[in-house]
*Asks:* 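Dumping the structure here so I can ask a few things about it.
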Amino acid sequence: MKSVLEELSRRVRTAMVKVGADGDPIVRASQDAKFGDYQSNAAMGLAKKLGKKPRDLAAEIVAALEIDDICEPAEIAGPGFINLTLKPSYLGKLLTGVPSVADGGLDRLGIEPTADPQVVVVDLSSPNLAKEMHVGHLRSTVIGDCICRVLEFEGHTVHRENHVGDWGTQFGMLVAHLLREKPDIIDHPDELVIADLESFYVAAKNRFDADEAFKAESRETVVKLQQGDPTTRKIWKAFCDESLRHCHDIYDRLQVRLTDRGESYYTDRMEEIIGRIEKKMVGADGGWIRESDGALCFFLDGFTTRDGEPLPMIVRKSDGGFNYATSDLATITHRVEELGATRILYVVGLPQKQHFEMVFAGARKVGFAGDDVALEHLGFGSVLSKSGVMFKTREGGTFKLKALLDEAVERALAVLREQDRDGGFSEAQAAKTAEIVGIGAVKYFDLAHARQSDYKFDIDHMLAMEGNTAPYMMYAYARIRSIGRKAGVAVGALPADEPILLEHPTEIALAVKLVQFSETLHGIARELRPNVLTEYLYELAKAFSRFYDKKNGVRVIDATPESVRNSRLRLCDLTARTLKLGLGLLGIETVERM
RNA sequence: GCGCCGGUAGCUCAGCUGGAUAGAGCACCGGAUUUCUAAUCCGGCGGUCGUGGGUUCGAGUCCCGCCCGGCGCGCCA
């Protein structure tokens, strides 16, 4: 389906050129239906430059505007707004052309992939393997996955990189602890099971703090690990594999797939880029690469410490080791040079903003990323407890993500039971539906908030049946499916040449929403804002409720004549397919019955 | 101290590169409706957009000051 927004922008732009007022047509979907469906706000800004009155310029543009085929006559309002209302016949034509469901393939609703595909790397999730995943990882995983899905749908090649923490001093401690606790692991590394990584870590840490001999042992283990000692490596790998299994239990439930590529993957590359950096150092004007207190540093403009001194980005510690700046630089060279990325997105919490500013500036300056590569930190806000403080357990520890998901599913089951009036759900169906609803609720709630703002984790709110929540959206979908079943029409089965006839205000309003899906999606792919998609889907669902309302809407199954019934059934079907596709891009499953 | 993020209705949150009387959900009040899944629809109540200036035809949005909250600021990630 063509983007209405683009079409209108083109038309208005053409008219503007004709009257000698070239510029951005500033076409937007109107906020209020009384101003039409779209509006152009270009006349007000341009009038002054051209020495004209805004309303006069608007009138000139309108006079030159050729939109009879798609819009009602344009209206000029207020200081010079040009209001545009789509003709029902045009809406009907656009929707009629949407192909029926392709056999087996992904339903694209007729939306074409981009003409300019890119290779995009998304750095998401990236938990530390030393510990259990906690709430802090939810947002990166869920937002990152959504962004990947949207970009993939748009036709880009997406690499989902799970940059897990599997390297560093704490792994010496963990391996040493593991060897003491389960010495037979050397012979059976594949059989390692650690029920609770969190308590395993705590036990190791306690031993480390209390036992000097163990502390020394841990340090030796780190050295052995870094030197590549086979046995140490084997134990380390067994630990990482077990930890990754824990992670993937979560990823499976969240329906997130990604490529695990830990920091350890980059160890050789880190050595190599230090070499490249040292070569640059010789010619670095102003000595922006230099050693300071024994550490190799980048001194980049605009970064200072709390004392106002230049703040270095350390790429090699004074002990010769590397840190996260080094590994982040290494990932950039890998992603650019090996994966061929032209856009790299980091879905990492907002507190790390300064770190990424430095890494990006450093990568550019040292030549690891050229102007043809976009580097973007997609920072996100924190998940707070219901009372608005950082999400912690009573003991001050972090909340395990698994526990949170379990609770959501459990609550979803309770909600389903409550609503299941006629007891139509079997035990197994209820459990399966609860899993989908519960997980979906957590994801939807997260995605429905603006990426950069903090939000309060409110399980009652996310499972509410009213408002902009997953259960509401899922129900809206299931309800439409039920209409299809009752009408005896299969999904997407009505032929694409069955004309869509729009007459009733609620039909037209629904059609406008449906038609706006593609442009909404394109906007999201550009701005990477999942909450815009949830907002859109919610409005679509509401538009459908009005359309289907017995008082203010229209009849569907028993509508006559046949052509009107079919048209309305197609509207139902298109709505359901849009909801399913949209929720799918959020990473949320739908159910046929609820 | 410097920097970043935030402060919008009683509560939870939107507000797209400045655009029309600032929106939604919940809560509260009223109405429809014995239902093509009411897990619905319609209406009402409710905000000096932290605060004081400035820029602009137009500011929740941009600039400056101040207040409040959160976070970050050299070898953890």
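Letters A, B, ... mirror the listed sequences (proteins, then strands); counts begin at 1.
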*Asks:* How close or far is atom C1' of B:A14 from atom NZ of A:Lys542, stated in whole angstroms?
*Replies:* 11 Å

*Asks:* Remember a base hit wins even if backbone is also touched, and classify A:Asn83 as base, sugar-phosphate or nothing at under 4.0 Å, heavy atoms.
*Replies:* base

*Asks:* Expected output check: what is the dot-bracket annotation of RNA chain B, where ( ) and [ ] are pairs inside the strand (brackets for crossing ones), | is paired with another strand, and pairs are Watson-Crick or G-U under 3.5 Å?
*Replies:* (((((((..((((.....[...)))).(((((.......))))).....(((((..]....))))))))))))....

*Asks:* Compare every heavy atom of A:Gln39 with every heavy atom of A:Ser30, then report the nearest pair and how far apart it is.
*Replies:*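 So the two residues come closest at OG-NE2, 3.4 Å.
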
*Asks:* Check whether any side-chain nitrogen or oxygen of A:Ser453 sits under 4.0 Å from OP1 or OP2 of B:A14, and answer yes or no.
*Replies:* yes

*Asks:* Rounded to the nearest angstrom, tell me the gap between atom CD in A:Gln452 and atom P in B:C16.
*Replies:* 10 Å

*Asks:* Describe the nucleic acid contact of A:Val315 in one word from base, sugar-phosphate, nothing, applying a heavy-atom distance below 4.0 Å.
*Replies:*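 Nothing, no nucleic acid heavy atom in range.
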
*Asks:* Within a 6.0 Å radius of atom CD on A:Glu75, are there more than 12 heavy atoms belonging to other residues, nucleotides or ligands?
*Replies:*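 12 or below, so no.
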
*Asks:* Just wondering, do A:Phe81 and B:G19 stack (centres under 5.5 Å, planes under 30°)?
*Replies:*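 No, the aromatic ring of A:Phe81 does not stack with the base.
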
*Asks:* Less than 3.5 Å between a donor and an acceptor, one on the side chain of A:Asp32 and one on the base of B:A22, is that the case here?
*Replies:* no

*Asks:* Is the phosphate of B:G15, meaning OP1 or OP2, less than 4.0 Å from a side-chain N or O of A:Asn531?
*Replies:*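 Yes, A:Asn531 has a side-chain N/O under 4.0 Å of OP1/OP2 on B:G15.
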
*Asks:* Under 4.0 Å: is that the gap between some side-chain N or O of A:Lys486 and OP1 or OP2 of B:U37?
*Replies:* yes

*Asks:* Can you measure A:Glu539 atom CD to B:C16 atom C1' for me and round it to whole angstrom units?
*Replies:* 12 Å

*Asks:* Just the rounded figure in Å: distance from P of B:G7 to CG of A:Leu384.
*Replies:* 13 Å

*Asks:* Between B:U12 and A:Lys456, is there an OP1 or OP2 to side-chain N/O distance shorter than 4.0 Å?
*Replies:*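 For B:U12, OP1 or OP2 has a side-chain N or O of A:Lys456 closer than 4.0 Å.
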
*Asks:* Between B:C28 atom P and A:Glu466 atom CD, what is the distance in whole Å?
*Replies:* 11 Å

*Asks:* Compute whether any side-chain donor of one residue and acceptor of the other, for A:Asp328 and A:His355, lie under 3.5 angstrom apart.
*Replies:*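 A:Asp328 vs A:His355: donor-acceptor pair found between side chains.
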
*Asks:* Can a donor-acceptor pair under 3.5 Å be found between the side-chain atoms of A:Tyr548 and the base atoms of B:C36?
*Replies:*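 Check passes, donor-acceptor contact within cut-off.
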
*Asks:* Please state how far atom CG in A:Leu537 lies from atom C1' in B:A14, giving the value in whole angstrom units.
*Replies:*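 A:Leu537 atom CG is separated from B:A14 atom C1' by 15 Å.
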
*Asks:* Could you check, using the six-membered ring where one of them is a Trp, whether A:Tyr346 and A:His163 have ring centers closer than 6.0 angstrom?
*Replies:* no

*Asks:* Has A:Arg316 got its NZ or CZ under 6.0 Å from the middle of the six-membered ring of A:Phe322, at an angle within 45 degrees of the ring axis?
*Replies:*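 Relative to the ring axis of A:Phe322, which defines the angle, A:Arg316 lies outside at least one limit.
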
*Asks:* Please tabulate the protein-to-nucleotide N/O contacts below 3.5 Å involving nucleotides 69-77 of chain B, giving atom names and distances.
*Replies:*
residue: B:G74; atom: N1; partner: A:Ser292; partner atom: OG; Å: 2.8
residue: B:G74; atom: N2; partner: A:Ser292; partner atom: O; Å: 3.2
residue: B:G74; atom: N2; partner: A:Ser292; partner atom: OG; Å: 3.4
residue: B:C75; atom: O2; partner: A:Ser318; partner atom: N; Å: 2.9
residue: B:C75; atom: N4; partner: A:Asp293; partner atom: O; Å: 3.4
residue: B:C76; atom: OP2; partner: A:Lys317; partner atom: NZ; Å: 3.1
residue: B:A77; atom: OP2; partner: A:Tyr324; partner atom: N; Å: 3.2
residue: B:A77; atom: O3'; partner: A:Glu263; partner atom: OE2; Å: 3.3
residue: B:A77; atom: N6; partner: A:Tyr324; partner atom: OH; Å: 2.5

*Asks:* Classify the ring geometry of A:Phe547 against A:Phe544: parallel below 30°, tilted from 30° to 60°, perpendicular beyond 60°.
*Replies:*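 Ring orientation, 0 to 90° scale: tilted.
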
*Asks:* How many Å lie between NZ on A:Lys49 and C1' on B:C57, as a whole number?
*Replies:* 14 Å

*Asks:* So what does A:Glu309 touch, heavy atoms closer than 4.0 Å: a base, only the sugar-phosphate, or nothing?
*Replies:* nothing

*Asks:* Please state how far atom NZ in A:Lys34 lies from atom C1' in B:G23, giving the value in whole angstrom units.
*Replies:*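 It works out to 12 Å between those atoms.
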
